[in-house]
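Some notes on the structure that comes next.
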2 protein chains.
Amino acid sequence: MLPDKRYFDSFFKSAFTVDNVIFGFDEGKLKILLIRRNEEPYADYWALPGYFVQQYEDLDAAAERVLREMTGMENVYLEQLHTFGTPYRHAFGRVITVAYYSLVKIADFRPRAAGVAQDITWHLIDELGVLAFDHLEIVQVALEHLKKSIRTRPIGFELLPPAFTLTELQHLYESVWGTELEKRNFRKKILSMDLLRDVGKVQKGVAHRPAKLYRFDEQRYRELEKEGFNFEVRDGGKK
Amino acid sequence: MLPDKRYFDSFFKSAFTVDNVIFGFDEGKLKILLIRRNEEPYADYWALPGYFVQQYEDLDAAAERVLREMTGMENVYLEQLHTFGTPYRHAFGRVITVAYYSLVKIADFRPRAAGVAQDITWHLIDELGVLAFDHLEIVQVALEHLKKSIRTRPIGFELLPPAFTLTELQHLYESVWGTELEKRNFRKKILSMDLLRDVGKVQKGVAHRPAKLYRFDEQRYRELEKEGFNFEVRDGGKK
DNA sequence: CCAAAAGTGTTCTCGATACACCCATGG
DNA sequence: CCATGGGTGTATCGAGAACACTTTTGG
């Protein structure tokens, strides 16, 4: 029943890569981390930090390794997003790429270009220009995914510093969704979830009444999650 | 800047496959379509209908082709689910698989085994036994995905015949979620969405008051979707 | 004292929940 | 006439939406 081994050999001629979409949030704007390639194809183009997976390397592990090697970033929680396999998306042969994504606090990392990266920086999500390969499409898929999941999971907090103001949190949601939210209702909704803790401090150095700082109570979230709790923030935008 | 071509060649030794998780709903039960393999590895095991992707074949197209070749099913709307790439999941070398899933009306198809399939049948989702490769894990991921997406998208209708009763629809949700729903509230919720149309007929041959038949108004759904509508059915289960 | 953002309370409406009874049909 | 599931109405409660003013600080 076993066909000629050579028949199967014909399938083992492909390569795959991992590409990481790393979201950050800074100065009230959503950003992603891009590297500038120093290798063909697409040398000198901005691209997602990604590279080939080793022959017997686990996919998730490869995503972590590649990110570490190209950016120096460690302990980043990566989640698989989607796999892109348009036939001629890579000039060297058949290459499909498994995209991963993550949300990080920009202040926690100081990415440094290494490996195939000659340069690295955070880019505003709406000013990306031309990217290598089909990376712009990958970013768009990741962004759509982010918009949806931020509604039902408290992932927004992963983008903010450990202590943040309610207005910062609101700006984050507004920035991701591209909508305006109503201040009072947003606050009531968020606080009624009982997921934020007042850290007892206030903003410093602002030319107006300083805002209270909050932190996300992760333990509380896990409890609520078990009970079948459904985190959700809606637009509530002005009509 | 371009390393030796042979360096890259070392990456082009992998293969990838597509595997399809096809959900159906029949006799009030959720089912999936499995084939029995006649080829090593895992000859005689039940498995998802899946096979190798051709060297320069598009992933989505491959999923469709493989499904057609193994089951005879055409015009099935497949959606990419997740990619599985544990290093030694396939005995012949490095093989990663891109899983797709779909919801179909069982009555619309009469699957016939062909190619690597020596047999094919619908299996109850909770009586799968041992499957080839990591296919059980794939099914579990697909099922979790189904549970979530049926909450926010009207995909349940894809599993039902063109005309169905409200009780059938309710049983579908109960079967997918494994919970009980409250009849009146379920009906009120569903009907208030204005997505169902009374087709003006009733059930035949039942030993009780026959139920009205409804159809899903797809056009209406598209309109609501554009306006930012959020389809959602909650448990509402008895406490 | 002014600018600028923080912070708060109330009303209205609508949807979610909970609950019990009558209806139409086949056998 | 009875067993079986189909089908409905109502009261209560809580959350979402809409809306305007006072508070605190730095400069």
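From a predicted model like this one, the values you see are computed outputs, not experimental measurements. Just so it is clear: chains get the letters A, B, ... in the order the sequence lines come, proteins before strands, and each one is counted from 1.
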> At what angle, to 10 degrees, do the two end axes of the helix from C:dC1-D:dG27 to C:dG27-D:dC1 meet, given five pairs define each axis?
Replying inline: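 Helix axis angle between the two ends: 0°.
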Rounded to the nearest angstrom, tell me the gap between atom [atom1] in [X] and atom [atom2] in [N].
X        : N      : atom1 : atom2 : value
A:Lys183 : C:dA5  : NZ    : C1'   : 7 Å
A:Leu181 : D:dA18 : CG    : C1'   : 14 Å
A:Leu166 : D:dT24 : CG    : P     : 17 Å
A:Glu182 : D:dC21 : CD    : C1'   : 13 Å
B:Glu174 : D:dG5  : CD    : C1'   : 14 Å
A:Phe164 : C:dA5  : CZ    : P     : 20 Å
A:Arg187 : D:dG16 : CZ    : P     : 17 Å
A:Phe186 : C:dG7  : CZ    : P     : 13 Å

Atom pairs under 3.5 Å: protein N/O with N/O of nucleotides 22-24 of chain C:
| residue | atom | partner | partner atom | Å |
| --- | --- | --- | --- | --- |
| C:dC23 | O2 | B:Arg209 | NH1 | 3.4 |
| C:dA24 | N3 | B:Arg209 | N | 3.2 |

Residues 201-215 of chain A, side-chain donor-acceptor partners within the protein, below 3.5 Å, at least two apart:
| residue | atom | partner | partner atom | Å |
| --- | --- | --- | --- | --- |
| A:Gln203 | OE1 | A:Ala211 | N | 3.0 |

>> Could you work out, with side chain to side chain donor-acceptor pair (under 3.5 Å) as the rule, every residue matching A:Gln80, not counting sequence neighbours?
In response: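 Scan of A:Gln80 (side chain to side chain donor-acceptor pair (under 3.5 Å), adjacent residues dropped) gives B:His82.
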> Residues two or more places apart in sequence or in another chain: which of them pass side chain to side chain donor-acceptor pair (under 3.5 Å) with B:Gln118?
Replying inline: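 Side chain to side chain donor-acceptor pair (under 3.5 Å) list for B:Gln118, sorted by chain: B:Asp44.
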>> Applying salt bridge (charged side-chain N to carboxylate O under 4.0 Å, His left out), can you list everything that pairs with B:Glu79, at least two apart in sequence or on another chain?
In response: B:Arg153
>> Restricting to salt bridge (charged side-chain N to carboxylate O under 4.0 Å, His left out), what partner residues turn up for A:Glu27, sequence neighbours left out?
In response: A:Lys31
Name every donor-acceptor pair, under 3.5 Å, that has one atom in a side chain of residues 102-115 of chain A and the other anywhere in the protein, sequence neighbours excluded.
| residue | atom | partner | partner atom | Å |
| --- | --- | --- | --- | --- |
| A:Ser102 | OG | A:Tyr77 | O | 2.7 |
| A:Lys105 | NZ | A:Phe157 | O | 3.2 |
| A:Lys105 | NZ | A:Leu160 | O | 3.0 |

>> Applying side chain to side chain donor-acceptor pair (under 3.5 Å) to A:Ser192 and A:Arg187, what does each step give before you reach the verdict?
In response: CA-CA 8 Å; A:Ser192 75; A:Arg187 284 163 181 250; over 6 Å; no
> When only distance counts, do a donor and an acceptor, one from the side chain of B:Lys212 and one from the base of D:dG6, lie under 3.5 Å apart?
Replying inline: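 Counting by modelled atom types and ignoring angles, no donor-acceptor contact under 3.5 Å is found here.
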Pairs under 3.5 angstrom, nitrogen or oxygen only, protein versus nucleotides 13-15 of chain D, please.
none

> Is a side-chain N or O of A:Thr71 found less than 3.5 angstrom from the main chain of A:Met73, in a donor-acceptor match?
Replying inline: yes
Residue pair [X] / [Y], side-chain donor-acceptor N/O under 3.5 Å:
X        : Y        : value
A:Thr152 : B:Arg151 : no
B:Glu174 : B:Gln170 : yes
B:Glu168 : B:His171 : no

> Using 30° and 60° as the class limits, which term best fits the ring planes of B:Tyr221 and B:Phe216: parallel, tilted or perpendicular?
Replying inline: tilted
>> Can you tell me if A:Thr167 touches the phosphate of C:dA5, counting only side-chain N or O atoms and a distance under 4.0 Å to OP1 or OP2?
In response: no
> If you look only at pairs with a residue in residues 123-145 of chain A, which of them pass as a salt bridge (Lys or Arg N to Asp or Glu O under 4.0 Å), with sequence neighbours excluded?
Replying inline: A:Arg89-A:Asp134, A:Glu144-A:Lys147
> Only one of A:Asn20, A:Leu33, A:Leu34, A:Ile35 forms a side chain to side chain contact (heavy atoms under 4.5 Å, CB included) with A:Leu48, so which one is it?
Replying inline: A:Leu34
> Counting only non-hydrogen atoms, which of residues 197-205 of chain B are less than 4.0 Å from DNA chain D?
Replying inline: none
Mind listing the N/O atom pairs, protein and nucleotides 9-12 of chain C, below 3.5 Å?
| residue | atom | partner | partner atom | Å |
| --- | --- | --- | --- | --- |
| C:dT10 | O4 | A:Lys188 | NZ | 2.7 |

> Do NZ/NE/NH1/NH2 and the carboxylate oxygens of B:Arg68 and B:Glu64 come within less than 4.0 Å?
Replying inline: no
>> Could you check whether B:Glu218 pairs with B:Arg222 (Lys NZ or Arg NE/NH1/NH2 to Asp/Glu carboxylate O, under 4.0 Å)?
In response: yes
